[in-house]
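Quick note: residue numbers are just sequence positions, from 1.
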Amino acid sequence: MLVRKLELFTYLSCQKDELIVLIRCKEEVLGEFADAINFEMLLNPEAARTALAAGGKTWEGRTINDKPDVTTIKPYDFVYGKYEQSYSELPSASNGYKYSGYYQVSKYHNTPFNQQVRLKLIVALLRTSKNKGGCNLLISKLIKEKKIKAFFPLHDPQFNKDLYEEALSYTNMPWNQPIEDIRYYFGEKVALYNYFLGHYTGYLIVPSVIGAIFQLVVWATLDFSNPVVPFFALVITIWSIVLLEGWKRKESFIALEWGMSNFEQTEIDRPEFTSDDVIDSFIDGSKNYIYYPSSKKAARLSYSFTLIGSYIMLVIGVVASIYYMRFSLQATIGSSASTLASIVNAVQITVFNVAYQYIVVLLTDLENHRTDTLYQDSLIVKVFIFQFINSYASFFFLAFIAQNLPASPGTDPTFLGQCGYINCMQPLSINLGIIFGSRLFVTNILDLLIPYLKMKYNEYSETKDKNESTLEALKKDSSKHLSPAELDYIKLPYDMNDNILNYADTAVQYGFMVLFASALPIACFISMINSYIKIRVNAYKQAMFYQRPVPEGAQDIGTWQTIFTILSVASVITNAGLICFTMDVLSGGSNNSNSQDPNYSYVGKLWVFLGFQWVMLSIQFILSAAIPDIPEQVDIQLQRANFIVSKIINQDSDEDFIDPQLAQSAEKVNANKRSSLITTAIDIPYHDTFPMNRTNNQWPALLVDSL
């Protein structure tokens with residue numbers, strides 16, 4: 001690290017049993033490294049305007065005019081270009097405007113290298129291989145092997161305090177979170193989740209109001225198959241697509257604003273990515289390209305999914321056991337058997353989810369993914385496949401299978417199959433209510449209590465060997481005796497996998513809400529309240545119980561977008577099934593009558609089932625096609641940004657540019673040829689004597705070894 005010009009400050013911990021190393025780096029060294037890895041930074045709008053108007057050696061200057069009637073984004077806003085040290089110390093503009101070369105000075109610091117950028121570059125410098133100018137420090141591996149205990153950025157106490165106080169304000173709505181401050185402090189990946197959760201919560205307002213009205217009708221009539229309920233299913237299936245299409249548009253704009261539109265194309269390799277095959281790249285011929293054969297990748301993926309399949313079969317077996325227990329107890333305790341099974345099912349879901357979290361990380365590590373995005377996409381797929389089965393299996397059983405099974409001996413003869421009621425809608429509604437209630441209260445309480453207890457245990461471990469007087473002093477005010485690094489070390493490490501679990505929790509909640517909308521219309525309202533509380537719970541625990549994470553970039557929510565879309569499409573099928581085969585609306589009956597005189601035959605219900613699906617799926621498809629994923633003004637600005645960067649940073653030549661010196665040389669050659677033809681009267685074939693490919697005058701990257 002010293003060779004790479006990192007500055008180290010070391011000292012012993014309070015207990016003298018740990019060596020603490022503080023790392024920092026001078027701005028000029030960070031600039032050299034940013035230049036070497038083509039790190040993208042925000043350009044100053046005024047500097048970009050001035051540079052583009054001035055022109056270059058091989059391209060003419062020009063001005064892009066503001067067109068507010070076409071796009072509200074100004075021409076030089078949100079333009080990110082690779083960092084070039086040569087462009088970082090240019091004079092001020094002629095009108096006296098001050099800037100640090102081409103690059104925007106942060107509002108948090110008087111330099112383009114704000115705290116977030118510095119952290120990203122220092123971590124990249126530590127993780128990058130030596131042949132690319134880094135230290136080749138495999139931080140995650142060293143922590144797993146217990147060669148180092150922890151690695152984290154230090155909290156900024158005042159900024160952290162201000163941030164969580166603002167986030168915890170009850171008047172601060174979820175869709176008005178301090179996203180820019182969250183992004184600056186925690187990075188784009190964490191900020192994007194908060195932004196998505198705010199968007200989701202805001203969109204829940206309309207279905208919450210409508211759902212509450214429908215639920216009041218159901219409760220007033222005590223009819224869980226009330227004929228009004230199918231109309232709510234129509235609302236939810238349409239709303240879900242509008243929600244996701246609206247998010248795509250917001251997501252594209254925030255990616256533009258944060259400079260993340262091309263993040264996945266420029267993402268560096270994970271330090272943990274390894275292979276014995278180091279070759280010359282078959283893409284661009286570069287040396288030391290790490291190649292991982294697809295056959296090895298396929299073998300490891302097969303191993304992972306075989307184990308996951310076995311675990312899922314175990315879950316299905318446990319769920320079947322729960323319903324066997326319910327079947328056995330129904331004759332003795334009646335409808336209470338259904339409630340007991342629901343409670344046991346809620347506990348089973350939580351326990352299996354916790355155990356699976358450890359298994360899935362080990363399997364994904366084994367798969368050896370090249371980038372963090374690929375790694376996390378693979379982890380997301382595994383997490384949600386399991387959570388889908390674990391969370392929804394019992395509900396699918398109750399909604400579509402239980403009514404077709406024989407009732408247990410001694411069951412009320414008016415009850416249908418193993419539903420425990422005259423149809424399965426009321427037990428399904430009760431199950432959903434228990435799940436949402438446990439998520440609203442128990443889950444949020446545990447989300448605070450468990451990290452708090454873990455942190456207190458860490459604090460005890462750090463002070464247990466102290467003498468009595470020192471221990472009492474630490475109990476009164478540990479901040480006076482422990483350094484900032486030690487205080488942060490007591491807190492829990494924030495793993496970006498925690499962010500995946502946050503998405504997973506939201507996706508499971510979303511699935512319960514849309515897949516079984518007909519059974520519990522008020523679920524939207526409960527989800528909105530839960531999301532409102534969850535945002536504040538996350539803000540508080542991140543500030544108080546967790547170390548500051550290393551900021552990571554993110555272009556979009558990735559595979560989660562696909563998962564939410566699949567759930568929205570599946571909701572059409574499940575709600576059609578509930579309406580046609582589980583509810584009594586097509587059978588001439590209700591929850592209060594056991595009419596056996598159906599209005600529709602089974603074939604008739606099947607046609608309604610298919611018709612409902614095709615109509616609603618068609619509406620979803622039309623809405624998806626009609627709402628552009630990327631707003632026109634974002635598309636325009638991306639094209640503007642690419643053009644501006646190609647000129648003022650890359651110095652690309654104009655297509656019609658002709659180098660005056662080459663043109664003059666060519667003219668002399670042609671004149672000599674014409675003279676020779678006239679003099680000798682010999683037909684000499686024409687040959688070009690100057691190269692047709694012109695250099696684009698790009699600035700060379702600095703040698704990384706100079707760090």
Side-chain angles (χ1 to χ4, degrees), residues 173-175 196-247 342 391-392 395 398-399 423-441 443-444 505-535 564 567-580 582-585 590-591 612 615-616 619-620 623:
M173 292 295 102
W175 48 90
F196 173 76
L197 194 56
H199 169 84
Y200 169 64
T201 309
Y203 266 70
L204 278 171
I205 293 176
V206 172
S208 294
V209 174
I210 298 173
I213 295 171
F214 277 89
Q215 191 68 54
L216 289 174
V217 172
V218 170
W219 287 340
T221 60
L222 294 179
D223 183 1
F224 289 86
S225 287
N226 195 293
V228 302
V229 173
F231 293 100
F232 183 69
L234 298 177
V235 171
I236 284 297
T237 51
I238 294 173
W239 167 85
S240 64
I241 291 298
V242 175
L243 162 79
L244 297 177
E245 291 301 314
W247 169 248
S342 299
S391 301
Y392 303 137
F395 292 88
L398 189 56
N423 66 23
C424 285
M425 287 303 293
Q426 186 185 43
L428 183 60
S429 180
I430 291 172
N431 270 19
L432 285 169
I434 291 172
I435 288 293
F436 276 99
S438 66
R439 283 177 169 270
L440 182 59
F441 297 105
T443 304
N444 284 317
D505 183 69
T506 304
V508 169
Q509 174 187 279
Y510 177 82
F512 278 125
M513 187 180 68
V514 300
L515 291 173
F516 308 102
S518 304
L520 192 68
I522 203 171
C524 293
F525 179 76
I526 302 174
S527 294
M528 183 178 68
I529 299 300
N530 185 56
S531 297
Y532 179 87
I533 295 172
K534 186 177 181 63
I535 287 172
F564 279 98
L567 290 173
S568 295
V569 173
S571 71
V572 174
I573 302 170
T574 56
N575 282 287
L578 288 173
I579 293 167
C580 296
T582 309
M583 297 175 68
D584 295 330
V585 291
S590 70
N591 286 356
F612 181 93
V615 170
M616 296 313 300
I619 292 174
Q620 287 188 339
L623 287 173

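Here the side chain of S429 pairs a donor or acceptor atom with the backbone of A519 at under 3.5 angstrom.
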Identify every side-chain donor-acceptor pair in residues 229-238 under 3.5 Å, counting partners at least two apart or on other chains, and give the distances.
| from | atom 1 | to | atom 2 | distance (Å) |
| --- | --- | --- | --- | --- |
| T237 | OG1 | A233 | O | 3.1 |
| T237 | OG1 | L234 | O | 3.0 |

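Residues D505 and K534 share a closest heavy-atom pair of OD2-NZ, 3.4 Å. Of all non-hydrogen atoms in P174 and I535, the two that sit nearest each other are CB-CD1, 3.2 Å. When all heavy atoms of S527 and F436 are compared, the closest pair comes out as OG-CE2, 3.2 Å. Nearest approach of H199 to L243, heavy atoms of both residues: NE2-O, 3.0 Å. When all heavy atoms of L515 and T574 are compared, the pair lying nearest together is O-OG1, 2.7 Å. For the residue pair Q509 and S531, the shortest heavy atom distance occurs at NE2-OG, 3.5 Å.
Interatomic distance, OH of Y203 versus SG of C524, reported as 15.0 Å (0.5 Å rounding). Once rounded to the nearest 0.5 Å, the distance linking CD1 of I573 with CE of M616 reads 12.5 Å. With rounding to the nearest 0.5 angstrom, the CD1 atom of I533 is 10.5 Å from the CE atom of M528. Within the model, atoms CG of D223 and CG of D584 stand 7.5 Å from one another, a figure rounded to the nearest 0.5 Å. For the atom pair OH (Y200) and CG (L244), the distance works out to 10.5 Å, reported to the nearest 0.5 Å.
Classified by interplanar angle (parallel below 30°, tilted 30° to 60°, perpendicular above 60°), the ring pair F512/Y392 is perpendicular. The aromatic rings of W247 and F196 lie perpendicular to each other, with more than 60° between the two planes, well past the 30° mark.
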For the pair M513 and S240, evaluate side-chain contact (heavy atoms from CB on, under 4.5 Å) and give the outcome as yes or no after the intermediate values. CA-CA 10 Å; M513 187 180 68; S240 64; over 6 Å; no

Please evaluate residues N530 and T443 with respect to the criterion side-chain contact (heavy atoms from CB on, under 4.5 Å), reporting the C-alpha separation (whole Å), side-chain torsions for both, the decisive distance (0.1 Å), and the verdict. CA-CA 10 Å; N530 185 56; T443 304; over 6 Å; no

Take E245 and L623 through the side-chain contact (heavy atoms from CB on, under 4.5 Å) test and state the conclusion after the steps. CA-CA 8 Å; E245 291 301 314; L623 287 173; 5.7 Å; no

Go through it in stages, so that I can follow the logic: the residues are F395 and I435, the test is side-chain contact (heavy atoms from CB on, under 4.5 Å), and I'd like the CA-CA distance, side-chain angles, deciding distance and then a yes or no. CA-CA 11 Å; F395 292 88; I435 288 293; 3.4 Å; yes

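Residues Q426 and L222 are not in side-chain contact: their nearest non-hydrogen atoms beyond the backbone lie 4.5 Å or more apart. Using a 4.5 Å cut-off on side-chain heavy atoms (C-beta onward), L398 and F516 make no contact. At a threshold of 4.5 Å between non-hydrogen side-chain atoms, the residues C580 and F612 do not count as touching. F214 places none of its side-chain heavy atoms less than 4.5 Å from the side chain of N226. Between S571 and N575 the shortest side-chain heavy-atom distance falls below 4.5 Å. By the 4.5 Å heavy-atom criterion applied to side chains, M583 and F224 are not counted as neighbours.
A donor-acceptor contact under 3.5 angstrom links the side chains of S568 and Y510, judged on distance only.
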